[in-house]
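Take a look at the structure set out below.
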Amino acid sequence: MKAGIVGLPNVGKSTLFNCLSNAKAQSANFPFCTIEPNIGVVNVPDPRLQKLEELVKPERVIPATVEIVDIAGLVKGASKGEGLGNQFLANIRETDAILHVLRCFDNDNIVHVDGNVNPIRDKETIDMELQLKDLETVDKKLEKVKRAAKTGNKEAQKEEACLLKIKAGLEAGVSVRALDFEEDEYEEFVVPSQFITAKPVMYVCNVDEGSANSGNAYVDIVKEAVKDENAEVLVLAVGTEADINELDDFEERQMFLQDIGLDEPGSSKLIRSAYKLLNQQTYFTAGVKEVRAWTVDIGATAPQAAGVIHTDFEKGFIRAEVIAYDDFVTYGSESKVKEAGKMRVEGKNYVVKDGDVMHFLFNV
Ligand SMILES: Nc1nc2c(ncn2[C@@H]2O[C@H](COP(=O)(O)OP(=O)(O)OP(=O)(O)O)[C@@H](O)[C@H]2O)c(=O)[nH]1
Ligand SMILES: [Mg+2]
């Protein structure tokens with residue numbers, strides 16, 4: 001599962017990527033600096049891991065990770081191949097969620113491809129290109145399904161109706177994620193089509209240093225414009241955070257963050273949000289050798305969670321011993337939790353909860 005950083009050229013996507021990941025992407029003050037996507041595997045900051053480390057004192061601690069991809073900037077006409085558009089759109093299609101970066105800072109020295117700062121226009125430009133690309137997909141599919149629908153094939157007629165609804169939506173400037181579908185219709189026709197505008201989205205407002213904490217007028221209009229989208233809007237002073245990131249000393253970084261009114265980097269918040277946007281959650285294993293955060297889909301069952309560690313654990317799953325994170329912290333150790341009768345034994349239908357501390361029993 002990976003989240004892609006998307007936006008107009010020169011809005012700070014690669015700078016943001018560099019804040020998140022140690023894989024340094026080239027960032028420069030000219031449009032289309034990025035061409036090939038940069039991929040980074042990013043640790044998910046989770047204070048619960050530090051807590052478990054204090055309690056268990058393991059030899060090592062391993063955080064969960066999420067994959068972030070820095071993609072080239074899109075411009076108007078990208079869906080028709082403008083500015084290498086088609087290639088970039090293919091890069092976006094391969095991601096599972098979109099982090100849409102909007103320039104919300106004034107600075108005459110940083111080129112804006114459309115002449116002036118206007119995050120709403122920019123958002124619409126990107127949305128429109130993605131929608132046009134999806135429209136192409138819909139038209140191709142419609143072409144194929146039309147004949148079968150005419151001959152009276154019920155399944156084809158259902159698909160045609162669904163595709164026509166998507167087409168009408170896209171033509172009216174509505175992204176697929178904002179349309180209403182029956183559940184089976186969604187699974188059967190929407191999911192396999194991999195529409196770009198069906199991917200979950202989050203907006204990242206790139207602001208000036210002074211607005212890192214409370215946002216600015218640009219952020220306000222972005223929030224107003226997307227209020228019906230049910231999408232998170234994150235405020236981040238990308239340039240400033242990149243500078244702070246350059247500092248080697250933790251204390252020094254903390255001090256600079258506090259200066260701009262933050263108690264943790266906005267990029268940490270962003271990583272956690274991206275993780276959620278990808279429908280991911282964490283369970284822990286807590287042994288003396290290793291305390292580790294593992295990633296599972298929200299809604300995963302205990303055997304599926306076991307399978308993340310090793311496929312044999314899933315195949316040979318017998319049961320799981322589960323301790324809620326809060327209980328682990330309250331009682332302080334696995335044995336104390338057991339004594340208190342708070343350890344649960346769960347079977348193969350158990351749906352994992354975020355923060356569960358788990359131990360699997362299996363035979364191979
Ligand atoms: N003042 C200011 N400059 C920024 C900020 N974020 C990025 N920049 C500058 O803007 C320029 C472009 O940043 P990049 O991160 O390369 O932009 P990009 O979106 O990756 O651009 P492309 O790869 O060309 O699509 C660089 O010179 C950055 O230093 C910011 O928050 N404030
Ligand atoms: Mg770039």
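Note that ligands are numbered from 1 as they come in the structure, with each ligand's atoms numbered from 1 the same way.
Atom CG of Asn18 is separated from atom CD of Gln26 by 10.0 Å, given to the nearest 0.5 angstrom.
Among Phe105, Phe88, Phe17, the residue whose heavy atom lies closest to atom 3 (N) of ligand 1 is Phe105. Proximity annotation for atom 14 (P) of ligand 1: of Asp70, Asn38, Thr15, Thr15 comes nearest, heavy atoms only.
Taking distance alone, with nitrogen or oxygen atoms compared against 3.5 Å, Gln26 stays at or beyond that limit from ligand 1.
Numbered from 1 in the order shown, with element, the atoms of ligand 1 that lie under 4.0 Å from a heavy atom of Gly239 read 5 (C), 6 (N), 30 (C), 31 (O). With ligand atoms numbered from 1 in the order given, ligand 1 contributes 25 (O) to contacts under 4.0 Å with heavy atoms of Gly73. Close contacts of ligand 1 with Cys33, meaning ligand atoms under 4.0 Å from a residue heavy atom, involve 22 (P), 23 (O), 24 (O). Taking a cut-off of under 4.0 Å to the non-hydrogen atoms of Phe30, the atoms of ligand 1 that pass are 24 (O). Here is the list of ligand 1 atoms found below 4.0 Å of a heavy atom in Ser14: 15 (O), 18 (P), 20 (O). With ligand atoms numbered from 1 in the order given, ligand 1 contributes 24 (O) to contacts under 4.0 Å with heavy atoms of Pro31.
Counting heavy atoms closer than 4.0 Å to ligand 1, residue Ala242 contributes nothing at all. Looking at Ile110 against ligand 1, only its side chain comes within 4.0 Å, counting heavy atoms. The parts of Pro9 lying near ligand 1 are both backbone and side chain, judged by heavy-atom distances below 4.0 Å. At a heavy-atom cutoff of 4.0 Å, ligand 1 is contacted by the side chain of Asn206 but not by its backbone. Contact annotation for Asn107 and ligand 1: only side-chain heavy atoms (C-beta onward) come within less than 4.0 Å of the ligand.
Of the protein's heavy atoms, Lys13 NZ, 2.8 Å lies nearest to atom 25 (O) of ligand 1. Among all protein heavy atoms, the one lying closest to atom 17 (O) of ligand 1 is Gly12 N, 3.2 Å.
Ring geometry, Phe284 versus Tyr325: the interplanar angle falls from 30° to 60°, so the pair is classed tilted.
Here the options are Asn118, Asp122, Asn10, the test is side-chain hydrogen bond (donor to acceptor under 3.5 Å, both in side chains), and the partner is His112; only Asp122 passes.
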Exercise. Would Arg344 and Asp327 satisfy salt bridge (Lys or Arg N to Asp or Glu O under 4.0 Å), going step by step from the backbone distance to the final call?
Worked result: CA-CA 11 Å; Arg344 288 175 280 124; Asp327 285 337; over 6 Å; no

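Taking 2.8 Å as the criterion, Asn38 does not count as a coordinating residue of the Mg ion (ligand 2), since none of its N, O or S atoms falls below it. Look at Thr34 and the Mg ion (ligand 2): an N/O/S atom of the residue is under 2.8 Å from the metal.
With Glu252 contributing its side chain and Leu247 its backbone, the two residues share no donor-acceptor pair below 3.5 Å.
Heavy atoms of Gly7 stay at 4.0 angstrom or farther from ligand 1.
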